[in-house]
Amino acid sequence: MSRGKRFTFRVLENREKKIEEREKDMVVISNPFAAADEIKIIHSLFEEGLSLLHIRKPDFSELEMAQFIHQIEFEFRDRIALHGHHLLAEDFGINRIHFSEKERNRIHDFPARFSKPCRYKCKSISTSTHSIKDFNSLENDFNYAFLSPVFQSISKENYKPKTDLFEALKSRTNYKTKVIALGGIDSENIQKTMENGFDDTALLGSIWNNENPVKQFKLCQQIALSYLQSQV
């Protein structure tokens, strides 16, 4: 292979790797309430390429959470981030932990909550924020953070932005933590969201309020991928 062809191959290889890495950051958050066929849908989402599912079930007891996670195939456990009942993470081979804003503000030494194996094996730690000021003030412990709501929520009635987060993002000073857009994200606005400075997006209502959650996920995934390809 000539030098020119080798160089072209490396450029294309690096381009595909960059796109693949960015594609892996799209998040789906579980339905906070019980949903018909939810486990089946979750498995289908994983099979279609979902690489990060946040399990958020605020009303679940520890037993209910354990029973829910137990239904998810072991091969997908490393793609799960756990909201609440964090100590179950070790039992189920989960290495991603998420802290709500309330937990983050209450527990400043949050790694001390876990045993040493869990602390050292965590692949990522994330949190939630609701203003650019809070996002900018995050410590470096967090790999990424949700910033919401970007748009009128699909899943929460009357939950809408108090400020223009696209405009607010221009004041971003924290570049060590990835900023993930949450709130009202769907196939109609996902490209606009990425064009306005968010590192990636999280889907909730657009998935679970849709008649065909898997089809909606694939559509959002394709739009995001097409946008990323255009930027390389």
Side-chain angles (χ1 to χ4, degrees), residues 23-104 122-130 142-151 153-157 159 178 180-187 190 200-221 224:
E23 182 185 10
K24 286 183 178 179
D25 294 326
M26 181 180 286
V27 176
V28 169
I29 301 175
S30 69
N31 194 320
F33 310 108
D37 299 321
E38 185 173 9
I39 297 298
K40 180 180 178 181
I41 293 169
I42 285 172
H43 283 152
S44 294
L45 291 172
F46 280 133
E47 289 163 1
E48 290 295 339
L50 174 66
S51 40
L52 192 48
L53 172 74
H54 275 239
I55 297 181
R56 178 179 175 272
K57 297 286 187 179
D59 296 328
F60 269 18
S61 67
E62 185 174 52
L63 176 59
E64 288 171 325
M65 181 66 83
Q67 291 172 335
F68 183 84
I69 298 170
H70 183 72
Q71 297 177 77
I72 299 175
E73 296 290 344
F74 182 80
E75 64 183 288
F76 300 131
R77 301 273 177 84
D78 64 344
R79 304 192 214 174
I80 291 173
L82 195 58
H83 293 225
H85 302 299
H86 292 148
L87 294 179
L88 290 173
E90 287 184 78
D91 297 335
F92 287 96
I94 293 172
N95 54 23
R96 303 172 190 271
I97 298 295
H98 184 88
F99 287 85
S100 68
E101 186 174 55
K102 185 181 294 184
E103 286 176 311
R104 185 184 74 247
C122 273
K123 183 180 291 186
S124 73
I125 299 175
S126 56
T127 190
S128 298
T129 62
H130 298 88
F142 298 101
N143 300 86
Y144 61 93
F146 296 140
L147 180 58
S148 68
V150 179
F151 301 103
S153 174
I154 300 170
S155 59
K156 296 181 181 178
E157 190 175 354
Y159 185 56
K178 295 182 69 172
I180 309 295
L182 173 64
I185 309 297
D186 61 16
S187 58
I190 192 168
D200 226 302
T201 56
L203 310 175
L204 200 169
S206 59
I207 298 297
W208 302 108
N209 286 31
N210 194 284
E211 291 184 356
N212 192 328
V214 178
K215 182 178 180 180
Q216 175 68 8
F217 167 74
K218 290 173 66 176
L219 177 59
C220 290
Q221 184 185 53

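All values below were derived from every heavy atom in this structure, side-chain atoms included, with hydrogens, water molecules and symmetry-related copies excluded.
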| Heavy-atom count around Tyr159 OH within 6.0 Å, excluding the residue itself: above 12? | yes
Considering all heavy atoms, the nearest [X]-[Y] contact:
X      : Y      : answer
Gly184 : Phe151 : O-CD1, 3.9 Å
Ala202 : Ile180 : N-CG2, 3.8 Å
Ala66  : Leu88  : N-CD1, 3.9 Å
Gly49  : Phe217 : C-CZ, 4.3 Å

Within the side chain of [X], is there an N or O that forms a donor-acceptor pair under 3.5 Å with the backbone of [Y]?
X      : Y      : result
His43  : Ile41  : no
His130 : Pro149 : no
Arg79  : Leu53  : no
Arg96  : Asp78  : yes
Asn143 : Ile125 : yes
Thr127 : Phe99  : yes
Trp208 : Ala35  : no
Glu48  : Leu45  : no

| By side chain to side chain contact (heavy atoms under 4.5 Å, CB included) - contacts of Ile154 (at least two apart) | Asp186, Ser206, Asn209
Do [X] and [Y] come within less than 4.5 Å of each other through their side chains, counting heavy atoms only?
X      : Y      : answer
Ile80  : Phe46  : yes
Phe146 : Ser126 : no
Met26  : Asp200 : yes
Ile69  : Leu82  : yes
Arg104 : Phe142 : yes
Leu204 : Pro32  : yes

| message | Taking salt bridge (Lys or Arg N to Asp or Glu O under 4.0 Å) as the cut-off, I'd like each qualifying pair that reaches into residues 37-46, sequence neighbours left out, listed once. | response | Glu38-Lys57
If I take atom [atom1] from residue [X] and atom [atom2] from residue [Y], how far apart are they, to the nearest 0.5 angstrom?
X      : Y      : atom1 : atom2 : result
Leu147 : Lys178 : CG    : NZ    : 14.5 Å
Cys220 : Ile207 : SG    : CD1   : 5.5 Å
His54  : Leu203 : NE2   : CG    : 11.5 Å
Lys218 : Leu50  : NZ    : CG    : 13.5 Å
Lys215 : Ser187 : NZ    : OG    : 10.5 Å
His85  : Ile94  : NE2   : CD1   : 12.0 Å

| request: Check the side chains of Arg56 and Ser30 for a donor-acceptor pair under 3.5 angstrom, ignoring hydrogens and angles. | output: no
| Should Ile55 and Met65 be marked as a side chain to side chain contact (heavy atoms under 4.5 Å, CB included) after you check the CA-CA gap, both sets of side-chain angles, and the distance that decides it? | CA-CA 9 Å; Ile55 297 181; Met65 181 66 83; 3.8 Å; yes
| said: Using 30° and 60° as the class boundaries, would you call the ring planes of Phe60 and Phe68 parallel, tilted or perpendicular? | reply: perpendicular
| said: Tell me whether the rings of His98 and His83 are parallel (<30°), tilted (30 to 60°) or perpendicular (>60°). | reply: parallel
| side chain to side chain contact (heavy atoms under 4.5 Å, CB included) between Ile72 and Ile39, worked out | CA-CA 7 Å; Ile72 299 175; Ile39 297 298; 4.0 Å; yes
